[in-house]
2 protein chains.
Amino acid sequence: MAPIRDMLSDTGITEQQWRVLRVLSEHGPLDTTTLADRASLLHPSLTRIATTMRGKGLITQTRDKVDRRRQFIAITPDGQKIIDDNADQSARIVADFRRILGEDDFETLLDLLGRLDPGAQD
Amino acid sequence: MAPIRDMLSDTGITEQQWRVLRVLSEHGPLDTTTLADRASLLHPSLTRIATTMRGKGLITQTRDKVDRRRQFIAITPDGQKIIDDNADQSARIVADFRRILGEDDFETLLDLLGRLDPGAQD
DNA sequence: TGCTTTCCCTTAACATGTTAATGATTGCTA
DNA sequence: TAGCAATCATTAACATGTTAAGGGAAAGCA
């Protein structure tokens, strides 16, 4: 994760906050349980992270009108801007991994890791 | 790491404390810089962890007579007991990984990961 | 309807990761 | 030898991981 962290150190957000933004950017607004799952966060962590990010204006949090236990979290334009500004560099990092290993070995790695942790398939 | 954490939840120590004990058990007393490196911990983390573990009587910490900036940390009998009590189960977890993937694929995985992070060779 | 259960989420408490600043020694050098 | 740089380690501040407990709302049922 070191290259990712280097990238993020310039943006003022953390690795976990980056994951939250990416998931929201890809899937649109999500309830907190789904968001925590897709961002690989435990719910207590997400609660805190969401509070921080709401404070920074990166996300909005709204309560479900029907089921008032539920909440939905959505990305704001400011949050989306962080994703956009770093999209190139982010893609480059993955491309680097692929280049270092070569296409075949890269796929092999994903396969082997997947076999060790069947629950983590994306 | 999930299987390791399950194992440790019974012992009252954390994953990082486990790594510290293992390194000390394998290499004998070490200075804190070397210990932090081998246990994959940053120095500030090691400082705190060492304080905790000293409180539990798992390690001892002594200052170098010659260079009084330096410290040496050693495992105590109580600490070694934790290693011994869990050695079987620990070996079994690695063996499980090897079994799931098969010998060849297991070696391949170690190789691929090593190529992505050349600094982390053991 | 009233009660219990279940669900969704938050709080709390403790341990660690991470970066920057600070201490404490030692070593070098003018 | 006084002063400064380098080294080893700790402290501080903030963010997250992890487990357990709590709080509010909905659902099921007598």
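- Checked against salt bridge (Lys or Arg N to Asp or Glu O under 4.0 Å), A:Asp105 has the following partners two or more places apart in sequence or in another chain: B:Arg115.
- Mapping A:Ser9 and B:Gln16 onto DNA chain C by nearest heavy atom places B:Gln16 at the nucleotide closer to the 5' end.
- Shown here are the side-chain hydrogen bond (donor to acceptor under 3.5 Å, both in side chains) partners of B:Gln16, two or more places apart in sequence or in another chain: there are none.
- Of the residues in residues 30-37 of chain A, those lying under 4.0 Å from DNA chain C by heavy-atom distance are A:Thr32, A:Thr33.
- Annotation: salt bridge (Lys or Arg N to Asp or Glu O under 4.0 Å) contacts of A:Lys56 (sequence neighbours excluded): none.
- Residues from residues 44-54 of chain B with heavy atoms under 4.0 angstrom of DNA chain C, sorted by number: B:Pro44, B:Ser45, B:Arg48, B:Ile49.
- B:Thr76 places a side-chain N or O within 3.5 Å of a backbone atom of B:Gly57 that can act as its donor or acceptor partner.
- Within a 6.0 Å radius of CZ in B:Arg68, no more than 12 heavy atoms belonging to other residues, nucleotides or ligands are found.
- Remark: A:Asp104 CG is loosely packed, at most 12 non-hydrogen atoms of other residues, nucleotides or ligands lying under 6.0 Å away.
- Note that CG of A:Leu24 and CZ of A:Arg38 are 10.5 Å apart. Values are rounded to the nearest 0.5 Å.
- Every residue two or more places apart in sequence or in another chain that forms a side-chain contact (heavy atoms from CB on, under 4.5 Å) with B:Glu26 is listed here: B:Arg22.
- With sequence neighbours left out, the side-chain contact (heavy atoms from CB on, under 4.5 Å) criterion links A:Arg48 to A:Ser45.
- Residues meeting the side-chain contact (heavy atoms from CB on, under 4.5 Å) test with A:Ser40, sequence neighbours left out: A:Arg19.
- Extent of DNA chain C lying under 4.0 Å from chain B heavy atoms, first and last nucleotide in 5' to 3' order, is C:dA15 to C:dT26.
- For A:Arg99, the side-chain contact (heavy atoms from CB on, under 4.5 Å) test picks out A:Asp96, with sequence neighbours left out.
- Contacts of residues 62-81 of chain A with DNA chain C (heavy atom under 4.0 Å): A:Arg69, A:Arg70, A:Gln71.
- Listed by chain and number, the residues in a side-chain hydrogen bond (donor to acceptor under 3.5 Å, both in side chains) with A:Asp31 are A:Thr34 (sequence neighbours excluded).
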